[in-house]
Amino acid sequence: MEERILDQTKAPIYEALQRFRQMRVVPFDVPGHKHGKGNPELAEFLGEKCVSIDVNSMKPLDNLCHPTSVIHEAEMLAADAFGAAHAFLMVGGTTSSVQSMVLSTCKRGDKIILPRNVHRSVINALVLCGAIPVYVNPEVDTRLGISLGMQREQVAKAIAENPDAVAVLVNNPTYYGICSDIRSIVKMAHDAGMYCLADEAHGTHFYFGDNMPVTAMAAGADMAAVSMHKSGGSLTQSSLLLIGPNMNEGHVRQIINLTQTTSGSYLLMSSLDISRRNLAQRGKEVFAKVIGMADYAREEINAIGGYYAFGRELINGNSIFDFDPTKLSVHTRDIGLAGIEVYDILRDEYDIQIEFGDIGNILAYLSIGDRPQELERLVSALAEIRRRFQKDSNGLLSQEYLDPEVVTSPQEAFYAKKRSVPLRDSEGLVCSEFVMCYPPGIPILAPGERITKEILDYIEYAKIKGCSMTGPEDPQIENINVLE
């Protein structure tokens, strides 16, 4: 049985669904579209094969909340492929995985050490459980205007000053591909009796490629949230939560079941199963090609002039301990355009959709589905944009990270009595909601933080430049909720 479970050519959920499809079962259960017959437009749009396997949990297909057969086998195979003690299939996105990590290790009043440039899902989890953030403010590359990794000495200082903290959380990597020294951080956390959690939303490929930064599981982290749908090829909203040997699998499953749906999507689960099989069998070969394409694109973009496609030359052994070679991050300020402006031009003028643009940079996300001819099109478009749209870069903002003052915990601020004030009248007050550009979803302001003039200037500048701002109750972000 054990050998069969760990055979990486198997995809047990996919195989069970294939058997189910052949059985011609008459459905008197949910979902109500009954294999697509009740919603022909949906069946035509998605395809009959797709809607015929959009089914409910049943004995032959196992149950995500308490898996004992095919889902359990799929989780064992995923754990084996990723080098984890156990893997959980997640159908609420990596947001659900990240929140399950925090909720598994933190309760009300506990301290958690983390960088401030975390995804909003981390701070959302603090709102839910009442834990208190202790921020390790990342170093900033002032030329690029991006926040970097956590320096070892900053983490050591935070641990020494907060010996009662229960966990340390690390981005591995950041959105821009920058990695902290996760091995050292894991050791520091464990030596202090703390858990180490890793947000690996953008690091799925680390587990399957050569010449990649170290993975959280290989570094000894206790938990890692992995976005299989980003670089791993599964369907959007599918994810994995990995745990190491120090975690109680049953407890983590209970935490997951607090918030994750009881109606797990078999489309999402089978996509995780098939994608894990694909990566286990072909990942090394595929990601070697992705790195080659990214290296080629960096060279070509840097030859255009004005742009800076940055890479491993930034590595300094500490705040940039390593760099994800698949990330095609490009600094645009020197051609007089904010990253979000280049993002908009690429989409509107060239029909090229990149991952995101911020104040100073763009990110083209490369993974298993990219081809060289599409990269050539991107490089050519960037060369044309420089020729057609280049401006004087004076007056462009560069700072991406703004050091917040935490006045109260995210939970207390989120649930406290609040009032709405015009954005410009909020200086000096304490925010009770989120404000962020999405993507990447890193809060500019989080509940419990003091609003400063620099933060307001940044928000207004980002709005003018066309960043997609999200978070507040007011969709126009002309007003903001503050503590009374």
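Quick caveat, the model's predicted, so the values are computed rather than measured.
Counting heavy-atom neighbours within 6.0 Å of F434 CZ, excluding the residue itself, gives a total above 12.
The pair R277-D273 fails the salt-bridge criterion, with no side-chain N (NZ, NE, NH1 or NH2) lying under 4.0 Å from an Asp/Glu carboxylate O.
Only one option out of I123, T470, I442, L445 pairs with M436 in a side-chain contact (heavy atoms from CB on, under 4.5 Å); it is T470.
Remark: R116 qualifies as a cation-pi partner of Y135 under the 6.0 Å distance and 45° angle criteria applied to the six-membered ring. K230 forms no cation-pi arrangement with Y365, by the criterion of a distance under 6.0 Å to the ring centre and an angle within 45° of the ring axis. Cation-pi geometry between K418 and F414 is satisfied (NZ or CZ under 6.0 Å from the ring centre, within 45° of the ring normal).
The aromatic ring centres of H331 and F310 sit 6.0 Å or more apart. Here the two rings, on F82 and Y207, have centers that are under 6.0 Å apart.
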#### Entry: Pair K465-E341, salt bridge (charged side-chain N to carboxylate O under 4.0 Å, His left out): steps then yes or no
CA-CA 7 Å; K465 287 297 183 183; E341 292 174 309; 3.2 Å; yes
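Side chain to side chain, S275 and S234 fail the donor-acceptor criterion of an N or O pair below 3.5 Å. Side-chain contact, S239 with T94: a donor N or O sits under 3.5 Å from an acceptor N or O.
Using a 4.5 Å heavy-atom cutoff, the side chains of I368 and N278 are in contact.
A donor-acceptor distance shorter than 3.5 angstrom exists from the side chain of T174 to the backbone of I178, with no hydrogens or angles considered.
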